Amino acid sequence: MRLTHPRCKVRELPALRTFTSARRTSWSRWIHERHSSTSTPESKVPKMPTWESIAESQLPPPTKVSPDLVDKLERLALVDFGSKEGVDCLEKAIRFADQLHVVNTDGVEPMDSVLEDRALYLRADAVTEGECAEELLTLAKNTIEEYFVAPPGNIPLPQREESPAHSEL
Amino acid sequence: MVGVVGLEVHAQIQSRSKLFSGSHVKFMAPPNSLVSHFDASLPGTLPAGYQITQQRLPIAVDGTLVYCQFEGRKRNQVLTRSVRIKQIQLEQDSGKSLHDDERSQTLIDLNRAGVGLMELVMEPDMCCGEEAAAAIRELQLILQALGTCQANMAEGQLRVDANVSVHRPGDPLGVRTEVKNINSVRHLAKAIDYEIQRQMEVLQSGGTVLNETRSFDSRSGFMPEPNLPPLYVYESDACVPADVDPAQVVVIDRIRAQVPELPPARRLRLVETYGILLEHSFTLVNEDGLMNYFESVVQMTKAEPRKVIGWVMKELMGNLNLQGMKVAQSPISPHALAELINLVESGHVSSSAAKQVFQEMWKVPEKKARQIVKELDLGMINDRKELWRICQGVVERYPEEVQIIRAGNMKVLNKLMGEVQRETKGRTDPVQVRAILEDMTL
C-alpha cells in the first residue's frame, strides 16, 4: 500500500463533521447521476450517514508518538512528516481511531469489511465522468500546465545513526 | 549453470471506463482529462492507487500457459512448452509521474489511475529470454483474441517484469534480480539473456548476486480491501438468485459461450483445413490480419491452399517485412493476388514470371495483373514451335554440356533449362522445356 498524501489525509480526518457532510453531498449527487444514466433499480449506497458522539471520558489515554517511531514511519513510508504540526496530526488521527475501542464487539466474528453481507455488482462499461481537469487542478496547491506537482518521489532523509529504526531497514 | 526466469505481467483491461469509476480509458489524452474526483482520491479520504489484492482468493489460480518455440537451423522445429500461472489478480493502475530533477519536483498525470489491470504471476519455469518472449507472445495473442487487452507493450498495455536467477541444476534457486520497464518482446528476450549472462559471470568470478530491488513484494502481502464487498460468481443463469439483477453479476456459462476461437485452436484449424505447415499457421495467426488475407485469397482462387501459402509467406510477407509495413497496408489486395495466382493456374503466366508481375503490382497497385503481363510481355510462351526454336538455339550454343548429358549426367540439363529461362525472362513452363530439351539431347 502506498500512501500518496498522508499529511493531507491525516489533517482531514479529525474534521469528521465537515468531511462527512461533504461526502454526503457527493454521494447524493452520484446517486442522482446513476438514476439518470442507467437502469439501476436502486442505489447500493445508504442515503444517509449515521453517527453518534463519543465522550472523551469513554476513551483510553491518548497515545504519544515518540520521535523514534516518527523516524521509523518516515523511513518505511518514504514520507517526511516534517514538523511538530505533522506529528500532532498523526496523534489526532490515532485519537480519532480510539473511538473504535468503545464499540462493543462481543460475540461478533472478526471481519475485514462491514460490507461482507453484500455482493459486489457489475455496472455498465460506460463513460459517465471525467473531463474536469480544470476543476480538479484548482484544488491542488501546485500545478504546472495540466499536471499536479508533487515533491520528488524519494525524500532524502537525514541519517540518524543512533536510531534503532535505521538499522532495521 | 542455467538461468531461471519467472514473469509478472500487468495487462491493462480493455474497457471504455475505469475499474471503479466512469472515467474514460484512453491512450494519449491531455494530462488529467480522464480523471473523476474519485480517481483523484477526493475528497481526500481514500488512499487511491493501491493494489486491490484479493483478500480471500485471487481471480484465478493454478493455470497453465502452453506456448511454442521454434528451433533448428531453419527454425522450423516446433517445440511445445508450458509455464504454470500461479495466479491472476485484479488491480488498479496508478497515476503516471514525470520526474523533473532540475527543479526537484514530480509532475503527476492521473489519466491512468484506476484503470483495471490483470496481474498474472508466472512460475519460474523458463530458462532463457527466448522462452520468456515466446510465452509472452502467446499471451498477447490470447488476450487480443479474447478482446480483454490490446497487449501492446510499447503503449504500456502489457507490462512485463522478469525475475531472473541462475543456479546449477539440482541446487536451490539462486538470488534473483528483477528486469523491468521493457517495451517490446524482443527487448525482453535480450534483457533477460543479458542478466543471466551477467549473473553467471559474477558467480564464476567468485562474486555474489545482490537483489537490489527493495520494493514491496505484492505477492507476499495481502491487503484487505474494506471498500469492496465480496464478488459472487454463478455457474449458470439458473443459479442467480431472484432478487439479483442478472445483468449485474458474473455468470460463468454466459462467459464461456462468448469465448472466441483461441490461437492454438485457430492454428490447428488452419493446418487441418488447408494442409499447410504448422510453422506457417503460426505466422498467419501472429500477424494481425494475415489469416483473413490468406483465407480470402484461398476463397477467390482455384489454386491449392498450399500454393497460396507460398505467395503469402514469401512474396507478401517478404515485401511487407522489407518495408516495415503491416498486412493492412499492403498495396496488393487479396483480390488482386488471387487474380495473379489464377493467371498462373490457367497457364497464362509462369510462376517465375508471376513473381515479376507481383513486384510490379506492388509498385503500381492500380494496375491489374493481366494488364502488367501484357505491357511487360510476360505471358507464357505456349507455342510449341517457338519453344522448340529457342531450345534449339541453346543446345547449339552449349555443345560440351550436351556431350556430358549424353554421357548420362542429367544434372547438367538444369543448366540448359536455366539458359532457356533467362532468354525467355521466365516465360516458359519448366515441364514443357525439360521434355523438349530431353528430346533434343538424348
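Only a predicted model underlies this, so the values are computations on that prediction, with no experimental measurement involved. Numbered from 1 within each chain, the chains take letters A, B, ... in sequence-line order.
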Student check: side-chain heavy atoms of V149(A) and T106(B) closer than 4.5 Å: no
What is the minimum heavy-atom distance between R118(A) and Y232(B), and which atoms define it? O-CE1, 3.9 Å
Spatial distance of atom CD (Q248(B)) from atom CG (L120(A)) [nearest 0.5 Å]: 10.5 Å
Ignoring hydrogens and geometry, is there a side-chain-to-backbone donor-acceptor pair from R16(B) to D125(A) under 3.5 Å? yes
Which bit of A126(A) comes within less than 4.5 Å of chain B, counting heavy atoms only: side chain, backbone, both or neither? backbone
Side-chain contact test, heavy atoms from C-beta onward, threshold under 4.5 Å: evaluate it for D245(B) versus Y121(A) and give yes or no. no
If you count heavy atoms of other groups shown closer than 6.0 angstrom to CD of E145(A), is the number above 12? no
Does E134(A) CD have over 12 foreign heavy atoms under 6.0 Å away? no
Between the side chains of H37(B) and E135(A), does any donor sit under 3.5 Å from an acceptor? yes
Return yes if some donor-acceptor pair links the side-chain N/O of N32(B) with the main-chain N/O of E146(A) below 3.5 Å, else return no. yes
With a 6.0 Å cut-off (strictly less than), is the heavy-atom count around CG of D253(B), excluding the residue itself, greater than 12? yes
So, the part of V25(B) with a heavy atom under 4.5 Å from chain A: the answer is neither
Where does V249(B) contact chain A at under 4.5 Å (heavy atoms): side chain, backbone, both or neither? backbone
Would you check if Q105(B) and I144(A) make a side-chain contact, meaning some heavy-atom pair closer than 4.5 Å? yes
Please find the pair of heavy atoms, one from P229(B) and one from A119(A), that lie closest to each other, and give the distance. CB-C, 3.9 Å
Chain B shares the most heavy-atom pairs under 4.5 Å, among L136(A), L137(A), D117(A), with L136(A)
To the nearest 0.5 Å, how far apart are OH in Y147(A) and OG in S97(B)? 11.0 Å
More than 12 heavy atoms of other groups within 6.0 Å of N142(A) CG: yes
